[in-house]
Amino acid sequence: MTDHPVPEHLRRIRSFVLREGRMTPAQQRAFDEHWSRFGIDYTGGAQDYAARFGRLAPLVLEIGFGNGEALAWASEHDPARDYLGVEVHGPGVGRLMNALAARDARNVRLYKHDAVEVLAHEIAPGTLAEARIWFPDPWHKKRHNKRRIIQPAFVALLASRMAPDGLLHLATDWQPYAEHMLETMEAAPDWRNALTPGQYAEKPDWRIETHFERRGLKLGHGVWDLLYRASMK
């Protein structure tokens, strides 16, 4: 693997604030009983995901899966592909592991770690068939906009991990962030709009409407989806 160092900007500024909260007893049991099955401990070295899953299949990455509702649904309804989830908040990871264990899921593995470091050090170039970043923290205040995960250095790093023509699916319910995403992606040399330049996408069937999204819609928020393809290597 050719190492892709984490840009200084991404090392210094986190796109998240770690507010763990208190895990329920069930969520803590999930780590005790299911982490060895579903979890991947961050080591800082390239992973052999085919060995992890016991097969060679297209790999889908979801960054910041929250409580795991969408990731659980997608992996169940798309058994031909393998799913890799990255989330820093323990309660959501525990909740998802319990859901996966309840249906004996075989095609999901999880990191509880910073997504930038996972991308830079654990995922080899050309590995990902698809990446999903749905409803990331919009960092509403202007002085915090630099914390948004969708930045030029980050999308360049992500592009280096995609298979040729791999798909990136972004979604947000905050219009200023949607505009920022569109501006950033349209200027990114390693990506092209999957529809036409400058265009948002209709919500694809594979993105279910989550509890979080329904809450936003009730508050009058819009929702914007963006689809981009990695440049052919």
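These numbers come from a predicted model, not from an experiment.
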[X] side-chain N/O to [Y] backbone N/O, donor-acceptor pair under 3.5 Å:
| X | Y | value |
| --- | --- | --- |
| N107 | R81 | yes |
| R103 | A72 | yes |
| W191 | V155 | yes |
| E87 | G66 | yes |
| R161 | A120 | yes |
| H121 | E117 | no |

Item to check | Six-ring centre of F53, R109 cation under 6.0 angstrom, axis tolerance 45° | outcome: yes
Checklist entry - Between R229 and D165, what is the shortest heavy-atom contact and its length? => result NH1-O, 2.9 Å
Next on the checklist: Closer than 4.0 angstrom, basic N to acidic O: yes or no for D104 and R37?
Outcome noted: yes
Surrounding [atom1] of [X] (heavy atoms of other residues, nucleotides or ligands, distance under 6.0 Å), is the total greater than 12?
| X | atom1 | answer |
| --- | --- | --- |
| R55 | CZ | yes |
| H211 | NE2 | no |
| D205 | CG | no |
| E209 | CD | yes |
| L219 | CG | yes |

Checklist entry - Just how far is it from atom CD1 of I149 to atom CD1 of I133, taken to the nearest 0.5 Å? => result 5.0 Å
Item to check | From E122 atom CD to T127 atom OG1, the distance as rounded to the nearest 0.5 Å | outcome: 11.5 Å
Item to check | Candidate list L168, L158, L170, T172, test side chain to side chain contact (heavy atoms under 4.5 Å, CB included), partner I150, passing option | outcome: L170
Next on the checklist: Between S75 and E62, is there a side-chain heavy-atom distance shorter than 4.5 Å?
Outcome noted: no
Item to check | M97 and L110, any side-chain heavy atoms less than 4.5 Å apart | outcome: yes
